[in-house]
Amino acid sequence: MRKKFIAGNWKMNTTIDEAVALAKDVVKTMGNTSDVDIAICPPYTSLYAVSEVLKGSTVKLGAQDVHWEAKGAFTGKVSCAMLKSVGVTYVIIGHSEQRTYFHETNETVNKKVKATLAAGLLPIICVGETLEERKSGKMDAVIESHTVGAFAGISAEDALKCTIAYEPVWAIGTGETATPQQANEAHIFIRKLLVKLYGTSTAEQIRIQYGGSMKADNAKALLGQSDVDGGLIGGASLKASDFAGIVKPV
Ligand code: PEP
């Protein structure tokens, strides 16, 4: 039985003061939750301040990206050790916005996954097709290349530390959601890929979140699907009551 995992991706939103206020609200409403794993992923600038707020709660801290190198001349980048030093547990890797705007590839995703695992952090690996890819029948091939690419060279033991977020790009921030059936079909497809890579027992334990305009009023139906093990939430994670509305139906 996979424990549900709901993570909030705050993207490039919140100053430190706003992030602290939002994190306090999250802790007030969900800070003792233990039947669901919860994480919030503020911008880098607020990670330390938010980690102080999360102390003593069950809510974990996540980062939105990382660089694979340990240190050096990589202006603007942040390493795994830096994330660990501010209390980060999870790292979102390969988000479609990174792939679309910042040249993220399956190779860079794989490097980030390896660095994250080596540092003892837990990757949330984003995979998913664009509308054009879906319409032109390339959906399965894209999901397969994202998934197989991300896990290249990763052992079964390490794969168990990973979460996959299936995020159809056409549903991100658009208000358009995959139907529960569409989401579940994609999740089952991803799990079959994991079976091929790692065997059934490992594949059955890896959590696959859905992401793409998930909110309180559609969460129950999505999270009720056999292979939807949680959500990666963008817009609806920016207000604690909206976020709690997604966590509650679990
Ligand atoms: C996301 O960017 O990971 C996401 C799912 O965003 P939204 O919930 O706003 O669609």
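Judged purely by distance below 3.5 Å, without hydrogens or angles, the side chains of T108 and E104 pair a donor atom with an acceptor atom. D242 and S237 form no side-chain donor-acceptor contact under 3.5 Å, judged by distance and modelled atom types alone. With no hydrogens or angles considered, a side-chain donor-acceptor pair links E129 and Y166 at under 3.5 Å. Side-chain contact check for E133 and T130: at least one donor-acceptor pair (N or O, by modelled atom type) lies under 3.5 Å.
A continuous path of Ile, Leu, Val, Met, Phe, Trp and Tyr side chains, each step under 4.5 Å between heavy atoms, connects I206 with L193, placing both in one hydrophobic cluster. Tracing side-chain contacts under 4.5 Å through hydrophobic residues (I, L, V, M, F, W, Y), one reaches V36 starting from V59; they form part of the same cluster.
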Return all side-chain donor-acceptor pairs below 3.5 angstrom for residues 66-82, not counting sequence neighbours, or 'none' if the list is empty.
residue: S79; atom: OG; partner: A81; partner atom: N; Å: 3.4
residue: S79; atom: OG; partner: M82; partner atom: N; Å: 3.2

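Between the OG atom in S46 and the CD1 atom in I40 there is a gap of 10.0 Å [rounded to 0.5 Å]. Summarising the geometry, atom CG belonging to L47 is positioned 12.0 Å from atom CD belonging to E52; distances are rounded to the nearest 0.5 Å.
Between G175 and S213, the shortest heavy-atom distance links the atoms N-OG, 2.9 Å. Of all heavy-atom pairs between A216 and I246, the closest is N-CG1, 3.6 Å. Of all heavy-atom pairs between A63 and Y44, the closest is CB-CE2, 4.4 Å.
A donor-acceptor pair is defined here as one N or O able to donate and one able to accept, closer than 3.5 Å; such a pair exists between the side chain of K4 and the backbone of L223.
By the 4.5 Å side-chain criterion applied to Ile, Leu, Val, Met, Phe, Trp and Tyr, I92 is assigned to a cluster that also includes F5, Y90, L122, I124, L232. W170 shares a hydrophobic cluster with L131; the chain of contacts runs through ILVMFWY side chains whose heavy atoms sit under 4.5 Å apart.
Looking only at side-chain heavy atoms (C-beta outward), N106 and R99 come within less than 4.5 Å of each other.
The only member of K3, R2, H187 that meets side chain to side chain donor-acceptor pair (under 3.5 Å) when paired with D229 is R2.
Between Y198 and F151, the ring planes are perpendicular. Angles over 60° get that label, and only those under 30° would be called parallel.
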